[in-house]
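The structure appears right after this line, and notes come after that.
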Amino acid sequence: MSEQPFTLAIPDADLEYLRKKLDVVRLPDELDGAGWQYGAPLAHIQRLLAHWKDGFDWRKAEAEINKLAMFTRDVDVEGFGTLNIHYLHQKSEVKNAIPLLFVHGWPGHFLEVRKLLPILTAKSPDHPSFHVVAVSLPGFAFSEGPKKPGFEGRQYAEVLNKVMLALGYNEYVYQGGDWGHLLGAHVAHQYGHKHVKAWHSNMPCYRAPKLLSNPFLTLEPYYSAAARQRISKSAKYRVTGSGYFLEQATKPQTIGYSLADSPVGLLAWIYEKLVAWTDEYPWTDDEVLEWISVYWFSRDGPAASVRIYHALTGGSTHDSFAGAARSTIPLGVSYFPKEIIQLPKSWTQLLGNVVFESEHDKGGHFAATEQPEALAGDLRKMYGKGGPAHGVVPGRNGYD
């Protein structure tokens, strides 16, 4: 499992192939006045397509990405052989910095952590500092994906934990949203207390309570307007915005052909989420195209990433928490107003041992990109002096 430095260098032939694909795109028509009601608007995709062909500079973006401290290493996964895993590892100058594992979801990737790095690794007597590790999940970006079915929550957790152990972080804390949140439950269940000392989520969701075991939590929506409002937001997302989830959870190979073959298809599929799931975040065209390009140029191709939906739901036969019981390690949660899944806050106690909660008035699903200062501030409060999880990692309290 020796570590190797990683430099991103997409071959010129791959760039030329992309240009040829963009030159022969056939776009669909659009109903008059459709706006966002039917999905990504044609005018938006036309603008991004034109910029991708004649304005976006991948080599410039690539050079910026290569300023990050990136590595790969082989990780043995029980029953699945060896996977070559890509990750970012940014160390703090603070000797006793807290090791923090940041885990992305879909349609995110390791670059979501970029804005957090200078904040979390900063040295100050006023707040803790962190050594930050951001792993590309198997099948995402430049990590090798599994080659056979059955790679589930336990295996994803095994990969994440083994990377941290290989880096010398036998004890660490965890942060995630989207699949990063869901995998956090698996990591906390499998490695809580021994290796994972605490975790934080910016998408705190879990199974709904049951009447017999949690009657008061179950009945809360009947007497709490705030609880009803949060459930209503989640219900709207499930009805009008979750079609992609069912497709990717049941037939990822089918949608995979389009994602792998059509760069504009990939662009529209993800761009819709980048806009719909954020809180009016001012995406630049360069930001969007860099984000999409990481998927297009990914090691196993864009189709590999969507298989995580099938893997963690058993093809939509069970929920994503199957096999992950509630952990008693400290849990911190941050609530952002435009998060796609919102449940009554009291239900979060079913997920874990909640010791820290913070609510923000701005931000959505991609909190690390949209509101990095707010998210990092919550981590500082949770693990800093006087915080509920201060000193949770023995010998690494975040201060010199």
Side-chain angles (χ1 to χ4, degrees), residues 17-58 61 105-109 178 229-296 301-303 305-306 309 316 336-342 362-367 369-371:
Y17 177 72
L18 172 60
R19 169 163 282 282
K20 290 180 180 178
K21 298 289 284 187
L22 296 176
D23 283 339
V24 296
V25 165
R26 184 176 68 169
L27 295 173
D29 65 352
E30 182 179 55
L31 297 179
D32 294 341
W36 282 93
Q37 185 177 358
Y38 285 74
L42 179 59
H44 288 239
I45 300 304
Q46 288 173 325
R47 184 194 74 245
L48 287 162
L49 171 59
H51 188 60
W52 207 351
K53 291 171 60 177
D54 300 317
F56 177 63
D57 186 346
W58 166 254
W106 186 94
H109 45 61
D178 196 88
Q229 183 180 36
R230 294 183 67 82
I231 289 177
S232 176
K233 290 181 179 179
S234 293
K236 181 179 179 181
Y237 156 74
R238 290 191 177 95
V239 171
T240 65
S242 65
Y244 78 95
F245 191 109
L246 192 58
E247 176 65 22
Q248 293 179 174
T250 58
K251 297 293 185 287
Q253 188 69 18
T254 302
I255 188 63
Y257 294 108
S258 297
L259 302 180
D261 184 63
S262 172
V264 173
L266 176 68
L267 167 63
W269 193 246
I270 292 179
Y271 174 66
E272 177 207 311
K273 308 298 183 285
L274 296 182
V275 175
W277 294 358
T278 51
D279 191 2
E280 298 181 350
Y281 178 75
W283 293 102
T284 68
D285 289 352
D286 279 352
E287 277 184 295
V288 171
L289 293 173
E290 178 188 64
W291 194 291
I292 304 304
S293 294
V294 169
Y295 273 89
W296 181 257
S305 64
V306 301
Y309 286 79
S316 201
F336 290 90
K338 291 301 178 68
E339 179 53 71
I340 56 176
I341 298 177
Q342 300 188 32
K362 185 73 174 175
H365 188 68
F366 301 99
T369 297
E370 298 177 69
Q371 297 292 327

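Please read all numbers here as calculations on a predicted model, not as lab measurements.
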Under a 3.5 Å distance rule, please check whether [X] uses its side chain to pair with a backbone N or O of [Y] as donor and acceptor.
{"X": "Lys362", "Y": "Gln371", "answer": "no"}
{"X": "Glu370", "Y": "Phe366", "answer": "yes"}
{"X": "Trp283", "Y": "Leu274", "answer": "yes"}
{"X": "Ser262", "Y": "Ser258", "answer": "no"}
{"X": "Ser234", "Y": "Ile341", "answer": "no"}

Nearest heavy atoms of [X] and [Y], plus distance in Å:
{"X": "Pro252", "Y": "Ala249", "value": "CD-C, 4.5 Å"}
{"X": "Asp54", "Y": "Arg19", "value": "OD1-NH2, 3.9 Å"}
{"X": "Val306", "Y": "Ala303", "value": "CG2-O, 3.2 Å"}
{"X": "Lys273", "Y": "Pro107", "value": "CB-CG, 4.0 Å"}
{"X": "Gly35", "Y": "Pro41", "value": "O-CG, 3.6 Å"}
{"X": "Ser293", "Y": "Trp52", "value": "OG-NE1, 3.8 Å"}

What is the distance from atom [atom1] of [X] to atom [atom2] of [Y], rounded to the nearest 0.5 Å?
{"X": "Leu267", "Y": "His44", "atom1": "CG", "atom2": "NE2", "value": "11.5 Å"}
{"X": "Ser316", "Y": "Tyr309", "atom1": "OG", "atom2": "OH", "value": "12.5 Å"}
{"X": "Leu266", "Y": "Tyr271", "atom1": "CG", "atom2": "OH", "value": "14.5 Å"}
{"X": "Trp296", "Y": "Trp58", "atom1": "CH2", "atom2": "CH2", "value": "13.0 Å"}
{"X": "Tyr237", "Y": "Glu339", "atom1": "OH", "atom2": "CD", "value": "9.0 Å"}
{"X": "Leu48", "Y": "Asp286", "atom1": "CG", "atom2": "CG", "value": "10.0 Å"}

Next item on the list: Could you list the residues that satisfy side chain to side chain contact (heavy atoms under 4.5 Å, CB included) with Leu27, not counting sequence neighbours?
Entry: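 So Leu27 forms a side chain to side chain contact (heavy atoms under 4.5 Å, CB included) with Val25, Leu42, Ile45, Gln46, Leu49, Val264.
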Notebook entry, point to check: In terms of the angle between their ring planes, are Tyr295 and His109 parallel, tilted or perpendicular, with boundaries placed at 30° and 60°?
Noted result: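 Ring orientation of Tyr295 relative to His109: tilted.
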Check: Relative to each other, are the rings of His51 and Phe56 parallel, tilted or perpendicular (30° and 60° limits)?
Finding: tilted
Taking the side chain as every heavy atom from C-beta outward, state whether [X] and [Y] have any pair of such atoms under 4.5 Å apart.
{"X": "Asp279", "Y": "Phe336", "result": "no"}
{"X": "Tyr281", "Y": "Glu287", "result": "yes"}
{"X": "Thr369", "Y": "Trp291", "result": "yes"}

Checklist line | Results of ring-ring contact (aromatic ring centres under 6.0 Å, His included) for Trp277 - residues two or more places apart only | finding: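 Result, ring-ring contact (aromatic ring centres under 6.0 Å, His included) vs Trp277: Tyr244, His365.
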Item checked: Contacts of type salt bridge (Lys or Arg N to Asp or Glu O under 4.0 Å), residue Asp261, not counting sequence neighbours -> Lys21
Margin query: Show, in sequence, the C-alpha distance, side-chain angles and deciding distance for Asp57 and Glu290, and conclude whether the side chain to side chain contact (heavy atoms under 4.5 Å, CB included) test is met.
Written below: CA-CA 9 Å; Asp57 186 346; Glu290 178 188 64; over 6 Å; no
Next item on the list: For a side chain to side chain contact (heavy atoms under 4.5 Å, CB included) with Val288, tell me which candidate from Ile292, Asp285, Thr284 qualifies.
Entry: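 The single option meeting the side chain to side chain contact (heavy atoms under 4.5 Å, CB included) with Val288 is Ile292.
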Check: What do the steps show when you test Trp106 against Gln248 for side chain to side chain contact (heavy atoms under 4.5 Å, CB included), and what is the final call?
Finding: CA-CA 11 Å; Trp106 186 94; Gln248 293 179 174; 3.4 Å; yes
Note to self: A quick test of your reading: do over 12 heavy atoms of other residues, nucleotides or ligands sit less than 6.0 Å from NZ of Lys53?
What the structure shows: yes
